[in-house]
Amino acid sequence: MKWNAWAPGVNTRKDWHEWAKNEKDFDLAQIPDVSFIKPMVRRRLSSLAKMVFATANQFIDEQQQPMPLVFASRYGEMDKTVQLLTQLCNQEGLSPTNFGLSVHNSLVGMFGLVKKWTDSSTAIGAGNKSVSAGLIEAYSQSKAIQAPVLYFYYDEALPKVYQQYRDGLNTPPICIGLIVDASDQAMTVLYHSIKKQVAISPIEFIQLLISRNV
């Protein structure tokens, strides 16, 4: 099963296995390396987008054939949303570009454009069940079309103004990416495990991947 995850200081499969053994810890000062993306595109990327592209770069090569996309996030681009709301409160003009990049499906669309993938794309938001909802969607699509689907889950801490409304513990900025193939027995086992743990957190999901040695 092809997967990778990015968190500050822990961003390769090797890093994650060391983290699981308490041999490595998060480093919140680290930011995603997206130097491989053209500068004109890179300057438009949010921190969430950079995490997704950095994660993809670790396990998807340039020869990868396009496939359908499923992206999931609990909060999405909340930083951009807060900026827009603040501008509204201050009676300032809103940037159409910033608004377009703030919506929940903006990142999956941007990924398709940068990669020049024109297959279907789906954006999922399902509260604290977003990790499992995204995987279930990706697995269901893969089973229906009998082909792999690329799945990403990504999130970061809520902006300070919304911290009181968070529905779980703060986790470091995190992105998980994997190729979901319903014909893979290991993926089918993972899918059934997730159906029993629908409120699984991203960290718990990574721990599950590591524990199953996939």
Side-chain angles (χ1 to χ4, degrees), residues 2-62 71-87 95 97-98 101-104 106-108 110-111 114-115 123 125 127-128 130-131 134 150-178 200-211:
K2 293 184 71 173
W3 70 274
N4 192 53
W6 189 96
V10 185
N11 40 69
T12 67
R13 291 276 289 272
K14 181 176 179 291
D15 287 346
W16 283 107
H17 280 276
E18 291 177 356
W19 169 84
K21 298 174 185 176
N22 295 318
E23 296 173 357
K24 199 173 188 69
D25 204 355
F26 301 119
D27 175 7
L28 297 180
Q30 189 183 84
I31 61 175
D33 177 10
V34 289
S35 56
F36 55 90
I37 294 178
K38 294 178 180 178
M40 286 189 66
V41 176
R42 191 165 65 232
R43 64 193 177 95
R44 297 182 62 189
L45 300 181
S46 66
S47 54
L48 285 178
K50 289 176 181 177
M51 286 195 295
V52 169
F53 281 102
T55 303
N57 192 51
Q58 289 285 345
F59 77 108
I60 299 174
D61 57 43
E62 291 299 321
F71 279 36
S73 180
R74 169 67 183 95
Y75 300 119
E77 297 280 7
M78 284 302 296
D79 277 338
K80 288 187 180 298
T81 300
V82 169
Q83 290 174 21
L84 290 168
L85 291 174
T86 301
Q87 289 170 341
S95 161
T97 299
N98 286 342
L101 293 174
S102 73
V103 298
H104 205 69
S106 63
L107 185 43
V108 66
M110 180 180 289
F111 189 91
V114 172
K115 291 288 188 180
N128 65 354
S130 295
V131 177
L150 181 58
Y151 170 52
F152 285 99
Y153 175 87
Y154 49 93
D155 249 325
E156 58 188 355
L158 279 171
K160 185 176 180 180
V161 68
Y162 283 121
Q163 276 291 313
Q164 61 181 309
Y165 302 110
R166 70 183 189 272
D167 57 7
L169 297 174
N170 273 335
T171 58
I174 196 163
C175 176
I176 307 164
L178 68 158
I200 193 169
S201 71
I203 289 291
E204 290 169 336
F205 183 67
I206 293 171
Q207 290 171 327
L208 182 60
L209 288 171
I210 294 171
S211 70

**Q** Checking the side chain of Q163 only, and the main-chain atoms of L158 only, is there a donor and an acceptor separated by less than 3.5 Å?
**A** yes
**Q** Drop me the distance from C175's SG to F71's CZ, to the nearest 0.5 angstrom.
**A** 7.5 Å
**Q** What distance do L209 atom CG and F205 atom CZ have between them, rounded to the nearest 0.5 Å?
**A** 4.5 Å
**Q** I'd like to know if the side chain of N4 and the backbone of R13 have a donor-acceptor N/O pair within less than 3.5 Å.
**A** yes
**Q** Name the atoms and distances for all side-chain donor-acceptor pairs under 3.5 Å in residues 27-40, with sequence neighbours left out.
**A**
residue, atom, partner, partner atom, Å
D27, OD1, A29, N, 3.2
Q30, OE1, G9, N, 2.8
Q30, OE1, N11, ND2, 2.4
D33, OD1, S35, N, 3.0
D33, OD1, S35, OG, 2.8

**Q** Taking only residues two or more places apart in sequence or in another chain, which ones pass salt bridge (charged side-chain N to carboxylate O under 4.0 Å, His left out) with K24?
**A** D15
**Q** If I take atom CZ from residue F53 and atom OH from residue Y154, how far apart are they, to the nearest 0.5 angstrom?
**A** 11.0 Å
**Q** Let me confirm one number: the CG-CG distance from D79 to L84, rounded to the nearest 0.5 Å.
**A** 11.0 Å
**Q** So, taking the atom named CD in E23 and the one named NE2 in H17, what distance separates them when rounded to the nearest 0.5 Å?
**A** 11.5 Å
**Q** My understanding is that only residues two or more places apart in sequence, or in another chain, count here; which of them pass side-chain hydrogen bond (donor to acceptor under 3.5 Å, both in side chains) with S201?
**A** E204
**Q** Calculate, to the nearest 0.5 Å, the distance between atoms CG and CG belonging to L48 and D155 respectively.
**A** 7.0 Å
**Q** In terms of the angle between their ring planes, are W19 and F26 parallel, tilted or perpendicular, with boundaries placed at 30° and 60°?
**A** tilted
**Q** Look at the rings of F152 and F111 and say which category their plane angle falls in: under 30° parallel, 30 to 60° tilted, over 60° perpendicular.
**A** tilted
**Q** With side chains defined as the heavy atoms from C-beta onward, is the minimum distance between L85 and V161 less than 4.5 Å?
**A** no
**Q** Does the side chain of E156 come under 3.5 Å of the side chain of S47 through a donor N or O and an acceptor N or O?
**A** yes
**Q** Would you say W16's side chain and I206's backbone share a donor-acceptor pair under 3.5 angstrom?
**A** no
**Q** Does the side chain of Y162 come within less than 4.5 Å of M78's, by heavy atoms?
**A** yes
**Q** Within the structure provided, determine whether M110 and V41 are in side-chain contact (heavy-atom separation under 4.5 Å).
**A** no
